[in-house]
Amino acid sequence: MYTLEVFRAVSSPQCSINAGDMYHSFADRGLFSAMHSLQCVLQVQRSLRWGPMASVSWLSLRMCMAHSSLSSTTCPNPERQEAGARKDFSSRLATGPTLQHFLRSASAPQEKLSSEVEDPPPYLTMDELLGRQRKVYLETYGCQMNVNDTEIAWSILQKSGYLRTSNLQEADVILLVTCSIREKAEQTIWNRLHQLKALKTRRLRSQVPLRIGILGCMAERLKEEILNREKMVDVLAGPDAYRDLPRLLAVAESGQQAANVLLSLDETYADVMPVQTSPSATSAFVSIMRGCDNMCTYCIVPFTRGRERSRPVASILEEVRKLSEQGLKEVTLLGQNVNSFRDNSEVQFNNAVSTNLSRGFTTNYKTKQGGLRFAHLLDQVSRVDPEMRIRFTSPHPKDFPDEVLQLIHERDNICKQIHLPAQSGSSRVLEAMRRGYSREAYVELVHHIREFIPGVSLSSDFIAGFCGETEEDHIQTVSLLREVQYNMGFLFAYSMRQKTRAYHRLKDDVPEEVKLRRLEELITVFREEATKANQTSVGCTQLVLVEGLSKRSATDLCGRNDGNLKVIFPDAEMEDVNNPGLRVRAQPGDYVLVQITSASSQTLKGHVLCRTTLKDSSTYC
Ligand code: 5AD
Ligand code: SF4
């Protein structure tokens with residue numbers, strides 16, 4: 001029923017493309033994959049944020065491109081095309097997908113068990129969908145969300161019969177999981193594509209052709225521009241389209257380019273268990289929500305990753321339990337705005353309780369209500385395994401109600417570490433960024449957090465040289481760095497991104513050299529202050545989760561303290577507090593007590609005292 005409504009909407013006179021014409025034209029070209037794309041468009045209308053028009057025009061554009069790659073160089077005249085189409089339309093229609101196929105697919109539940117093998121779309125055989133043991137090489141760029149997305153994409157492909165390789169030379173399929181947050185991140189991908197082009201052209205005729213795919217934010221942001229600019233890109237999949245990868249790759253096998261960049265309102269990959277890439281790892285990331293509704297004026301994320309949506313609590317807990325059974329000792333709850341978490345998946349979660357924002361903070365969107373909130377999730381996750389450390393990233397400062405702070409304070413296994421992205425120390429710039437708080441409100445929150453959680457470790461993100469930033473604004477940021485004295489920091493020069501509000505309404509008027517000079521100054525001040533902050537740990541005994549050998553020295557081990565700072569210490573024999581008299585050496589995944597002897601802006605050094613458990617070692621300093 002819904003599908004038909006959408007079909008009517010797509011066929012409406014206001015619409016630039018008529019669904020009937022699309023059907024004729026696709027049947028005529030034998031482009032039955034396009035029919036599936038149409039079906040995808042129809043399916044996703046429900047969940048599209050920016051309305052159906054964008055996706056339909058994207059689809060029509062792609063069809064022109066697919067056509068030109070098949071025959072002539074220009075987009076076909078629709079009238080001539082339709083006349084030709086009618087001639088043998090009936091016979092071709094008989095072999096194409098039926099309306100029943102659309103209806104069946106459109107009404108199928110969105111979240112299927114990933115182990116289920118679906119019926120193939122009528123234009124693809126099961127064999128084509130099942131990977132044919134092709135070897136996939138995955139390369140990840142950007143943030144931790146992309147690392148997690150890589151694991152999700154791989155989980156989906158593995159279930160479809162693909163093999164994974166870590167050797168680029170033997171790959172049949174190369175997939176780049178990309179980042180768009182700054183210009184430089186994209187430039188790195190373009191450069192990489194040029195290198196891969198050589199690999200593709202060098203491929204022997206006796207081998208299957210090499211297929212190259214762009215996944216994630218860059219696919220979403222640039223869409224057809226990538227296919228136009230780099231003809232050797234075969235597959236584009238946006239962050240919400242990874243389930244479609246087996247089909248996209250199967251289409252690419254036939255020599256066509258294939259793309260799905262549709263954003264969803266509800267895709268969280270809740271049922272896709274990511275494949276942990278490093279089996280010896282002591283910690284894992286667990287995705288709890290995707291997307292962002294904040295619309296900070298500089299940021300491309302809401303456009304590339306779509307609307308904010310949360311994964312159901314039950315499925316998060318299931319994944320955390322599994323990780324605990326596998327012996328992992330740390331999980332980091334992951335999302336663009338983790339603490340804005342809101343599980344609305346069950347009707348009974350939807351009450352009228354409104355959201356408590358941090359004092360002095362506002363949102364750019366209408367206040368949301370109901371759902372299971374972050375405090376509930378954190379509480380539940382921290383109860384799974386008292387020996388498992390819990391962290392979360394990246395939060396937004398607006399969503400730190402006292403319930404969350406109280407939990408962090410009282411639970412031994414929730415790390416006393418909070419990322420509190422400030423972006424700027426100037427209220428004027430913060431307003432231009434539409435961050436929803438002033439410098440004063442931010443500083444008040446910092447004090448409030450420190451009162452609640454003494455010894456909490458704080459980190460932040462800052463942008464140097466945002467539109468209109470004056471020298472006075474910059475000095476305000478320097479002074480915020482001095483005032484808060486963060487333990488960790490991530491500092492960036494502003495990079496204008498198309499589509500953002502800043503791109504449309506503000507002027508990127510700080511010269512590049514000034515941005516870089518200010519960035520350098522911020523880095524210097526951050527380091528000075530972080531060194532001072534970290535030096536307060538010298539002489540203290542801290543609980544460290546051992547990760548393995550130090551990269552710099554084979555005789556040293558490396559781990560992380562509660563604040564997520566790296567701690568280096570000599571690999572020495574020590575006592576095990578639970579087995580008095582037993583002498584042991586630390587292994588990855590062990591908790592050890594380390595006496596801190598020196599500190600820099602990024603690392604602590606010390607010597608190991610004993611092996612212990614998280615429960616037995618409440619805060620030592
Ligand atoms: N330019 C520079 N830095 C940016 N960030 C986000 N968008 C931009 C941009 N256009 C930074 C913010 C954010 C972090 C993930 O990246 O500081 O918190
Ligand atoms: Fe980007 Fe702001 Fe959303 Fe963070 S909160 S992802 S900076 S829009």
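Just so you know, ligand 1 is whichever comes first in the structure, and atom 1 is the first atom listed for that ligand. Please read these numbers as outputs of a predicted model, since none were measured by experiment.
- Here the CD1 atom belonging to I390 is positioned 7.0 Å from the CD1 atom belonging to I414, to the nearest 0.5 angstrom.
- Counting heavy atoms under 4.0 Å from ligand 1, residue F492 touches it through the side chain alone.
- Heavy-atom separations between A493 and ligand 1 include at least one value shorter than 4.0 Å.
- Note on C296: not counted as a metal contact of atom 1 (Fe) of ligand 2, no N/O/S atom lying under 2.8 Å.
- Remark: ligand 1 atoms within the under-4.0 Å shell around heavy atoms of R497 are 10 (N).
- Looking at S424, S495, G142 and measuring to atom 9 (C) of ligand 1, the nearest heavy atom belongs to S495.
- With a 4.0 Å heavy-atom cut-off, ligand 1 is reached by no atom of I300.
- Residue, atom and distance of the protein heavy atom nearest to atom 3 (Fe) of ligand 2 are C292 SG, 2.2 Å.
- Heavy atoms of Q423 found under 4.0 angstrom from ligand 1 belong exclusively to the side chain.
- With respect to atom 7 (S) of ligand 2, the closest heavy atom belonging to the protein is Y298 OH, 3.2 Å.
- The proximity of S394 to ligand 2, defined as any non-hydrogen pair under 4.0 Å, does not occur for either the backbone or the side chain.
- Atom 15 (C) of ligand 1 has as its closest protein heavy atom D461 OD2, 3.9 Å.
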